[in-house]
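What follows is a short report on a single structure.
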Amino acid sequence: MTKSSYDVVLLPGDGTGPEVIREAEKVLHALQESSSSKLSLSTVNGGAQYYQGHGVEFEPGGRERVERADAILLGAVGWPGIVRPDGNIAGYELVLGLRFGLDLYANIRPCKLYPGVVHKIGREFKEVWKPGNVNMVIFRENTEGLYAPAHGELTRGGQTEVALDTRIITQKGAERIIRRAMEFARKRPRGAPEDGVRRVTCVDKSNVLRGCQFFRETFLRIAKEFPELETDFAYVDAFGQWVVRTPEHFNVVVTTNMFGDIVTDLASVIQGGMGFAAGGNVGDRHAMFEPVHGSAPKHAGKNEVNPFATFEATRMMLEWLGERFDDSGLLEDARRLERAVADVLVSGKARTYDQGGTVSTSGAGDVVAGAIRHTA
Ligand code: IPM
Ligand code: MN
């Protein structure tokens with residue numbers, strides 16, 4: 001199963017995407033200097049700004065290269081003022097297009113507060129939670145729900161009168177995300193910070209929505225295959241307050257697409273902000289990893305955004321590749337990256353503006369690359 005070289009495609013995309021992907025490349029090069037596994041990195045141009053110049057979202061042959069890759073690392077897409085005539089966001093093909101096209105049905109988003117990082121509630125940098133109290137992983141369904149391409153509008157005489165988005169929950173879609181979350185909870189070294197219990201929380205709105213009742217019924221049925229796990233339930237509105245008040249209760253969380261989109265941005269606040277929030281879009285054969293923050297036009301070109309979300313996305317990519325191809329070298333690289341990141345964060349030597357520091361994006365990348373070399 002192990003390969004002599006893994007084909008990793010970088011998709012920098014728009015805005016701050018290229019700035020953070022450059023730092024990911026830097027840390028990957030540092031890891032490669034003393035790794036037993038070989039990565040072959042290449043870049044595919046694309047995104048909203050590319051679309052503006054070329055009328056297509058991928059460079060020629062780019063989509064095929066992405067589809068053939070062993071893993072994909074995405075920066076960010078989207079740029080104000082660039083629209084597609086079909087109403088989709090410009091950059092659609094790189095994010096939603098690949099999620100559907102490669103069937104990346106699990107959007108896996110860890111929410112962990114590292115020692116040395118402060119949460120983002122209010123404007124003061126005060127610690128509220130012990131870092132160890134925030135350590136959950138949110139599984140967001142990624143190929144259906146409100147994102148299903150079942151949209152439409154009624155236009156009469158050039159006037160839009162009705163716009164429609166249909167929320168689709170399928171048995172296949174619900175089953176596979178729930179099973180994936182439970183398999184992950186079973187393998188996780190620890191349970192919830194509060195009590196160590198291997199708890200899987202189903203976040204839905206089953207007091208109102210039929211699709212959510214179906215999702216919860218499916219959750220209860222699949223849970224029978226995992227007697228060692230504790231099942232737990234939260235309506236999405238209540239989860240919004242509990243995740244902030246008592247994050248230590250949560251271990252693994254599973255939810256539908258749109259709710260997952262919203263609650264992962266909310267939860268990022270307790271892990272230090274969007275500068276730390278990373279996600280893996282994972283299917284059975286393909287996977288794409290990304291920082292969740294987006295292209296952040298306001299910060300683009302200033303070399304100031306926090307690259308740690310991209311380092312976490314990179315770590316997740318190495319871990320996924322290592323597991324998929326049974327390659328212990330890649331798993332070791334993932335652990336080395338995690339240790340370097342944890343050491344740097346606790347040292348406070350790479351604090352970007354969002355954490356009250358003055359270190360630049362590339363400066364933070366230099367510090368992490370240095371820490372990797374130091375511990376090689
Ligand atoms: C995310 C983003 C995307 C989403 C956008 C860019 C389409 O917000 O990855 O969370 O809505 O899923
Ligand atoms: Mn989002």
Side-chain angles (χ1 to χ4, degrees), residues 11-18 20-21 46-51 57-58 66 72-84 86-111 120 136-151 165-168 173 177 203 236 239-240 243 253-271 273-283 286-300 305-306 309-310 312-314 316-317:
L11 267 179
D14 297 302
T16 56
V20 292
I21 291 297
Q49 291 164 308
Y50 189 89
Y51 173 79
E57 291 201 1
F58 282 105
V66 168
I72 308 159
L73 189 61
L74 172 71
V77 298
W79 199 254
I82 308 181
V83 285
R84 291 178 18 154
D86 64 4
N88 286 320
I89 58 156
Y92 175 93
E93 302 295 341
L94 280 74
V95 183
L96 298 175
L98 289 174
R99 287 180 187 169
F100 284 105
L102 299 178
D103 201 14
L104 310 176
Y105 60 85
N107 195 328
I108 304 172
R109 297 187 163 177
C111 173
K120 297 285 283 180
M136 72 191 86
V137 179
I138 302 177
F139 281 68
R140 163 188 175 189
E141 200 294 319
N142 218 23
T143 51
E144 54 180 51
L146 263 178
Y147 283 65
H151 315 285
D165 301 288
T166 313
R167 184 167 182 267
I168 294 177
I177 187 68
V203 170
V236 63
F239 180 75
V243 74
V253 174
V254 63
T255 191
T256 55
N257 203 341
M258 184 81 251
F259 293 162
D261 181 43
I262 298 167
V263 302
T264 52
D265 268 33
L266 172 66
S268 83
V269 172
I270 62 173
Q271 72 182 131
M274 294 300 281
F276 291 94
N281 302 272
V282 177
H286 300 275
M288 174 169 77
F289 300 84
E290 56 175 335
V292 185
H293 52 59
S295 61
K298 200 166 85 185
H299 300 286
V305 292
N306 186 340
T310 307
E312 170 64 5
T314 306
M316 292 174 79
M317 179 183 79

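Just so you know, ligand 1 is whichever comes first in the structure, and atom 1 is the first atom listed for that ligand.
- Residue Asp265 does not count as close to the Mn ion (ligand 2), with no N, O or S atom under 2.8 Å.
- Glu141 and Thr143 share a donor-acceptor pair across their side chains, judged by distance under 3.5 Å alone.
- You'll find the side chain of Val263 stays beyond 4.5 Å of the side chain of Val243, heavy atoms only.
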Distances under 3.5 Å, N/O of ligand 1 against N/O of the protein: list each pair and its distance.
unit_1, atom_1, unit_2, atom_2, d
ligand 1, 8 (O), Asp261, OD1, 3.4
ligand 1, 9 (O), Arg99, NH2, 2.7
ligand 1, 9 (O), Arg109, NH2, 2.8
ligand 1, 10 (O), Arg109, NH1, 3.2
ligand 1, 10 (O), Arg109, NH2, 3.0
ligand 1, 10 (O), Arg140, NH1, 3.3
ligand 1, 10 (O), Asp261, OD1, 2.9
ligand 1, 11 (O), Tyr147, OH, 2.6
ligand 1, 12 (O), Arg99, NH1, 2.8
ligand 1, 12 (O), Arg140, NH1, 3.3
ligand 1, 12 (O), Arg140, NH2, 2.8

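- Judged purely by distance below 3.5 Å, without hydrogens or angles, the side chains of Asp261 and Tyr147 pair a donor atom with an acceptor atom.
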- [ ] Would you sort out whether Thr255 and Val236 count as a side-chain contact (heavy atoms from CB on, under 4.5 Å), showing the intermediate values?
- [x] CA-CA 9 Å; Thr255 191; Val236 63; 5.6 Å; no
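- Between Gly15 and Trp79, the shortest heavy-atom contact is CA-CZ3, 3.4 Å.
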Residues 286-298, side-chain donor-acceptor partners within the protein, below 3.5 Å, at least two apart:
unit_1, atom_1, unit_2, atom_2, d
Glu290, OE2, Arg99, NH2, 3.1
Glu290, OE2, Asn281, ND2, 2.9
Ser295, OG, Gly78, O, 2.7

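- In this structure, the side chains of Ile177 and Glu144 stay at 4.5 Å or more apart for every pair of heavy atoms.
- Closest N/O/S atom of Asp261 to the Mn ion (ligand 2): OD1.
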